[in-house]
Amino acid sequence: MSFPLLTATAALPALGAIATAAVPAARRTAAKWLALLVSLATLVLAVVVLLRFDPDGDRYQLTESHAWIADFGVRYELGVDGIGVALVALTALLIPFVILAGWHDADPLETEAAKSSFAAGSRWRPTQGFFALILAVEAMVILSFEATDVFLFYIFFEAMLIPMYFLIGGFGDRAHAGTDENAAAQRSYAAVKFLLYNLVGGLIMLAAVIGLYVVAGNFSLQEIAEARANGTLDMATNTERWLFLGFFFAFAVKAPLWPLHTWLPNAMGEATAPVAVLITAVVDKVGTFAMLRFCLQLFPEASKWATPVILVLALISIIYGALLAVGQRDIKRLVAYASISHFGFIIMGIFAMTSQGQSGATLYMINHGISTAALMLVAGFLISRRGSRLIADYGGVQKVAPVLAGTFLVGSLATLSLPGLAPFVSEFLVLVGTFTRYPAIGIIATFGIVLAALYTLVLYQRTMTGPVKPEVSAMPDLRVRELVVVTPLIALLIVLGVYPKPITDILDPAVKQTMSDVQKKDPQPEVEAAK
């Protein structure tokens with residue numbers, strides 16, 4: 001039997017989480033290094049998976065299949081297509097940066113005054129627990145991208161909520177420490193809201209998973225999809241639509257799509273910057289990925305039936321998220337609302353049902369992960385220096401910390417999809433793909449780009465330019481550890497902005513197969529005949 005490479009890629013961070021949590025309490029530094037080494041080893045395995053994947057080969061590769069709960073047709077089945085393998089690589093790439101950026105985020109608080117603003121259970125901030133939870137999330141997200149058994153996917157789709165709940169509720173942003181008596185309550189509220197929203201979505205999905213089993217007799221994604229394609233499994237129209245809605249609702253909460261988005265600004269605002277990156281750049285991608293893998297593949301007719309409504313919701317997300325980002329006074333909440341707008345673009349590209357739109361959406365998942373990580377982590381470094389998330393508390397930072405300001409500028413420009421940086425290509429493809437089939441939606445969505453330029457440039461102007469405020473006059477520039485975090489992300493934004501072909505070569509065959517699942521072809525351009 002060949003080496004179970006996909007299992008190893010997820011098992012390594014899972015075992016690393018257990019080992020990190022078991023490190024003695026006094027050995028905090030050892031726990032940090034262990035978590036970092038495990039994340040780097042996982043990245044090596046993910047690169048091996050990526051290199052062994054053949055874009056022109058079978059749809060699902062490196063497959064594993066073992067009996068699990070035989071009486072109910074549940075199997076341990078793994079496999080990756082082009083989209084899944086790219087997202088596994090993205091997850092494995094970002095986790096080492098998350099760990100390095102959060103190197104001191106779980107260190108014990110230094111003063112009794114600072115401790116008093118946190119919940120009693122959070123006064124001792126266990127370093128080992130913080131990094132173990134990050135590795136646990138990595139393991140569950142990777143398995144979600146690899147699972148081809150619907151029930152297996154559901155387990156890890158829900159299980160990742162538990163470590164995320166503790167990361168948000170137990171290790172909140174220290175910008176409030178010693179100054180805000182309600183910090184613990186706000187953090188607890190954000191964690192509970194995150195958990196409840198996603199649990200409700202998951203429970204509805206569970207009903208749909210059970211319904212799918214009743215109809216299909218098994219949970220195998222590949223078997224059900226093949227049966228649907230060859231006509232041996234014929235779902236009634238209403239049944240398919242109800243099952244689709246059950247799956248889509250859970251994925252729309254995770255994505256997040258308006259009006260199911262309200263948990264995200266609270267969660268990102270109260271979490272540490274690295275955990276905020278974990279939420280929006282890693283965990284939320286499971287929602288948009290699952291729309292492609294499960295909604296479109298298992299319920300193609302229902303997907304086409306729901307497309308007009310979903311496109312309108314995606315358009316509202318784009319404009320609404322951008323408008324609220326413009327009016328934000330909190331740096332992290334601004335990035336959160338910007339992410340809601342970006343996820344609107346991703347979902348719009350998926351349901352435009354064109355090859356350009358879906359190629360752009362899948363590429364956007366990768367590029368958004370990198371650009372949001374770059375901007376949020378630099379913002380976290382900025383906030384940790386000043387001790388405030390409020391935009392008004394900054395000014396003139398570029399004069400005292402030019403490297404920090406420069407990296408913040410590049411991250412901001414990537415967020416507004418500046419040509420030459422990675423998100424531009426994906427956003428352009430989404431808009432082109434949408435316009436060819438739904439021109440009105442595509443035209444209105446372009447206003448999201450204008451608003452993005454407004455909120456990102458105003459953010460930079462108010463924090464980095466102008467007179468130097470006394471509170472930031474002694475602000476240090478980026479340190480070596482912080483440069484190690486930011487520099488590779490900035491380099492990737494530039495390289496993928498100029499040359500995205502290596503990524504699109506992996507993604508495009510999977511996109512073509514998805515288009516075949518829903519039996520959609522690209523609209524033919526209306527060209528006036530030559531006279």
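Throughout, numbering of the chain's residues begins at 1 and tracks the sequence. Worth knowing before you read on, the calculation uses all heavy atoms, side chains too, and leaves out hydrogens, waters and symmetry mates.
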For a 4.5 angstrom cut-off between non-hydrogen side-chain atoms, does [X] reach [Y]?
X: Thr415; Y: Pro423; answer: no
X: Lys285; Y: Phe343; answer: yes
X: Met268; Y: Val335; answer: yes
X: Phe381; Y: Leu478; answer: yes
X: Met205; Y: Lys254; answer: no
X: Leu221; Y: Asp149; answer: no
X: Met464; Y: Leu404; answer: yes
X: Thr63; Y: Thr148; answer: no

Do Ile449 and Leu431 pass the side chain to side chain contact (heavy atoms under 4.5 Å, CB included) test, and can you show the C-alpha distance, the side-chain angles, and the key distance before you say yes or no? CA-CA 11 Å; Ile449 301 175; Leu431 289 170; 3.3 Å; yes

For [Y], is there any backbone N or O sitting under 3.5 Å from a side-chain donor or acceptor partner on [X]?
X: Glu138; Y: Ile134; answer: no
X: Gln358; Y: Ile350; answer: yes
X: Ser516; Y: Lys512; answer: no
X: Ser341; Y: Tyr337; answer: no
X: Thr446; Y: Ile443; answer: yes
X: Thr487; Y: Val484; answer: no
X: Ser39; Y: Ile95; answer: no
X: Thr354; Y: Gly433; answer: yes
X: Glu240; Y: Glu301; answer: yes
X: Trp258; Y: Ile319; answer: no

Please report the shortest heavy-atom distance between [X] and [Y], naming the atom on each side.
X: Met348; Y: Ala314; answer: N-CB, 3.8 Å
X: Pro274; Y: Val98; answer: CB-O, 3.5 Å
X: Arg333; Y: Gly269; answer: CG-CA, 4.4 Å
X: Leu5; Y: Leu62; answer: CD2-CD1, 4.4 Å
X: Asp81; Y: Ala510; answer: OD2-CB, 4.3 Å
X: Ala374; Y: Ile490; answer: CB-CD1, 4.4 Å

Rounded to the nearest 0.5 Å, what separation is found between the [atom1] atom of [X] and the [atom2] atom of [Y]?
X: Ile224; Y: Leu212; atom1: CD1; atom2: CG; value: 4.0 Å
X: Met376; Y: Ser339; atom1: CE; atom2: OG; value: 7.0 Å
X: Leu296; Y: Met291; atom1: CG; atom2: CE; value: 10.0 Å
X: Ile168; Y: Leu133; atom1: CD1; atom2: CG; value: 11.0 Å
X: Leu87; Y: Arg293; atom1: CG; atom2: CZ; value: 9.5 Å
X: Tyr60; Y: Glu77; atom1: OH; atom2: CD; value: 11.0 Å

Should Leu161 and Met164 be marked as a side chain to side chain contact (heavy atoms under 4.5 Å, CB included) after you check the CA-CA gap, both sets of side-chain angles, and the distance that decides it? CA-CA 5 Å; Leu161 301 179; Met164 285 306 308; 5.6 Å; no

Quick check: are there more than 12 heavy atoms from other residues, nucleotides or ligands sitting under 6.0 Å from [atom1] of [X]?
X: Arg52; atom1: CZ; answer: no
X: Trp33; atom1: CH2; answer: no
X: Phe428; atom1: CZ; answer: no
X: Arg462; atom1: CZ; answer: no
X: Phe435; atom1: CZ; answer: no

If we ignore angles and hydrogens, is there a donor and acceptor under 3.5 Å between the side chains of [X] and [Y]?
X: Tyr460; Y: Gln398; value: yes
X: Gln356; Y: Thr436; value: no
X: Tyr364; Y: Thr288; value: no
X: Thr280; Y: Thr372; value: no

With respect to Phe145, which candidate in Phe157, Phe289, Phe156 satisfies the ring-ring contact (aromatic ring centres under 6.0 Å, His included) definition?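 Considering Phe157, Phe289, Phe156, a ring-ring contact (aromatic ring centres under 6.0 Å, His included) with Phe145 is found only for Phe289.
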
So if I apply the ring-ring contact (aromatic ring centres under 6.0 Å, His included) rule between Phe351 and each of Trp305, Phe251, Phe248, which one comes out positive?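 The residue from Trp305, Phe251, Phe248 that satisfies ring-ring contact (aromatic ring centres under 6.0 Å, His included) with Phe351 turns out to be Phe248.
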
ring-ring contact (aromatic ring centres under 6.0 Å, His included) evaluation trace for Phe153 with Phe294: CA-CA 10 Å; Phe153 168 82; Phe294 296 100; 4.5 Å; yes

Leu152/Leu78 under side chain to side chain contact (heavy atoms under 4.5 Å, CB included): CA gap, chis, key distance, verdict: CA-CA 9 Å; Leu152 183 68; Leu78 304 180; 3.9 Å; yes

Check against side chain to side chain contact (heavy atoms under 4.5 Å, CB included), Val282 and Val277: CA-CA 7 Å; Val282 176; Val277 169; 5.6 Å; no

Against Ile506, only a single residue in Val85, Ile83, Ile366, Asp54 fulfils side-chain contact (heavy atoms from CB on, under 4.5 Å); can you say which?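 Among Val85, Ile83, Ile366, Asp54, the one meeting side-chain contact (heavy atoms from CB on, under 4.5 Å) with Ile506 is Val85.
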
Go through the steps for His261 and Tyr320 under the test ring-ring contact (aromatic ring centres under 6.0 Å, His included), then give the verdict. CA-CA 11 Å; His261 67 284; Tyr320 173 85; 5.1 Å; yes

Tyr154 and Phe151 aromatic ring geometry - parallel, tilted or perpendicular at 30°/60° bounds: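 Tilted.
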
